[in-house]
Amino acid sequence: MKKTSLPPGYTPATPTTAPVMGIQQPLTPTYPTFTPSPVQQTSEPVQSRSPVVKQPPIPQEDMVIVLSLDGLLERCKAASTNTSAKRKVEDIASKLTTLSDLLRESKLSQDVLQGLHYIAQAIQMLNYQAGLVKLTELASSANFSEISSFMPAVKALLQLGLYLKV
């Protein structure tokens with residue numbers, strides 16, 4: 001084995017067993033310092049990421065659907081005593097906004113609108129079972145992609161209304 005000579009002034013690294021062996025050398029690491037660059041001030045106002053878009057109103061003839069569903073939602077919210085039911089009401093409320101958006105944009109077919117009007121009447125008469133029957137009929141006969149975004153929420157709301165007896 002050939003020995004190599006060390007350059008003058010070379011100090012070997014402190015072994016990891018130094019504290020155990022009694023060698024007292026400070027083990028403070030040195031890190032490079034970071035100096036942040038100054039931030040330039042601009043006179044331009046910060047723009048929001050999503051501009052507020054004014055939505056068109058829901059057609060007057062379809063307001064009965066929204067009002068009936070919202071009324072049932074509020075009754076369920078007031079009658080909910082456990083956290084599970086309250087969470088379900090909040091989830092339903094967020095999903096019903098999809099229905100409101102579709103009504104605003106007039107994107108629902110006439111068959112779906114008629115079915116929703118029937119469900120709204122059933123809710124007003126507190127006949128949630130009839131509303132569920134119409135919902136099942138609507139789901140089997142309508143274009144499923146048209147109603148899939150909001151029908152689970154309407155069904156859950158009708159079932160919750162039945163369960164809470166509101």
> Can you tell me how far apart CD1 (Ile65) and CD1 (Ile119) are? Round to the nearest 0.5 Å.
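The CD1 atom of Ile65 sits 8.5 Å away from the CD1 atom of Ile119.
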> How would you list, by chain and number, every residue that makes a side chain to side chain contact (heavy atoms under 4.5 Å, CB included) with Ala122, sequence neighbours excluded?
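In terms of side chain to side chain contact (heavy atoms under 4.5 Å, CB included), with neighbours along the sequence ignored, Ala122 is linked to Ala130.
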> How about Arg104 and Pro57: do any of their side-chain heavy atoms sit closer than 4.5 Å?
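Arg104 does not reach Pro57 side chain to side chain.
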> Between Ile92 and Leu126, is there a shared hydrophobic cluster once you connect ILVMFWY residues whose side-chain heavy atoms come closer than 4.5 Å?
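The answer is yes; both residues are in one hydrophobic cluster.
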> Is any side-chain heavy atom of Phe150 less than 4.5 Å from a side-chain heavy atom of Leu108?
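Yes, their side chains come closer than 4.5 Å.
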> In chain order, what residues pass the side chain to side chain donor-acceptor pair (under 3.5 Å) check against Lys134, with sequence neighbours excluded?
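Residues passing side chain to side chain donor-acceptor pair (under 3.5 Å) with Lys134: Glu137.
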> Using the rule that two of Ile, Leu, Val, Met, Phe, Trp, Tyr join whenever any of their side-chain heavy atoms come within less than 4.5 Å, decide whether Leu113 and Val133 are in one cluster.
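No; Val133 is not reachable from Leu113 via cluster members.
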> Are Leu96 and Leu157 close enough that some pair of their side-chain heavy atoms sits under 4.5 Å apart?
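Yes, their side chains come closer than 4.5 Å.
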> Write out all pairs satisfying salt bridge (Lys or Arg N to Asp or Glu O under 4.0 Å) with one or both partners inside residues 80-95, taking only residues at least two apart or from two chains.
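Output for this query lists Asp91-Lys95.
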> How long is the straight-line distance from NE2 of His117 back to CD of Gln114, given to the nearest 0.5 Å?
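Those atoms lie 8.5 Å apart.
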> If you group Ile, Leu, Val, Met, Phe, Trp and Tyr by side-chain heavy-atom gaps below 4.5 Å, do Val154 and Tyr118 land in one group?
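Each belongs to a different hydrophobic cluster.
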> If we only count heavy atoms from C-beta on, is the Leu99 to Leu116 side-chain gap below 4.5 Å?
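Touching, per the 4.5 Å side-chain cut-off.
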> Nearest 0.5 Å please: distance from the CG atom of Leu132 over to the CG atom of Leu158.
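Rounded to the nearest 0.5 Å, the CG-CG separation comes to 4.5 Å.
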> Pair up each side-chain donor or acceptor in residues 68-82 with any protein partner under 3.5 Å, not counting sequence neighbours, and list the distances.
| from | atom 1 | to | atom 2 | distance (Å) |
| --- | --- | --- | --- | --- |
| Ser68 | OG | Val64 | O | 2.8 |
| Ser68 | OG | Gln124 | NE2 | 3.2 |
| Arg75 | NH2 | Tyr128 | OH | 3.2 |
| Ser80 | OG | Cys76 | O | 2.6 |
| Asn82 | OD1 | Ala85 | N | 2.9 |

> Answer yes or no: are there more than 12 heavy-atom neighbours, outside Glu61 itself, under 6.0 Å from its atom CD?
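Yes - once you tally the heavy atoms of other residues, nucleotides and ligands closer than 6.0 Å, there are more than 12.
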> Roughly how far, to the nearest 0.5 Å, is OG of Ser100 from CD1 of Ile58?
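Reported to 0.5 Å precision, the distance equals 4.5 Å.
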> Which residues pass the side chain to side chain contact (heavy atoms under 4.5 Å, CB included) test with Lys165, sequence neighbours left out?
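Counting only residues at least two positions away or on another chain, Lys165 forms no side chain to side chain contact (heavy atoms under 4.5 Å, CB included).
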> Assess the side chains of Asn143 and Ser145: does a donor N or O sit below 3.5 Å from an acceptor N or O?
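Indeed, the side chains of Asn143 and Ser145 share at least one donor-acceptor pair under 3.5 Å.
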> My understanding is that only residues two or more places apart in sequence, or in another chain, count here; which of them pass side chain to side chain contact (heavy atoms under 4.5 Å, CB included) with Ser149?
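Ser149: side chain to side chain contact (heavy atoms under 4.5 Å, CB included) contacts with Thr98, Leu102.
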> A side-chain contact here means heavy atoms from C-beta on lying under 4.5 Å apart; do Met151 and Lys155 qualify?
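Result no, sub-4.5 Å side-chain heavy-atom pair not found.
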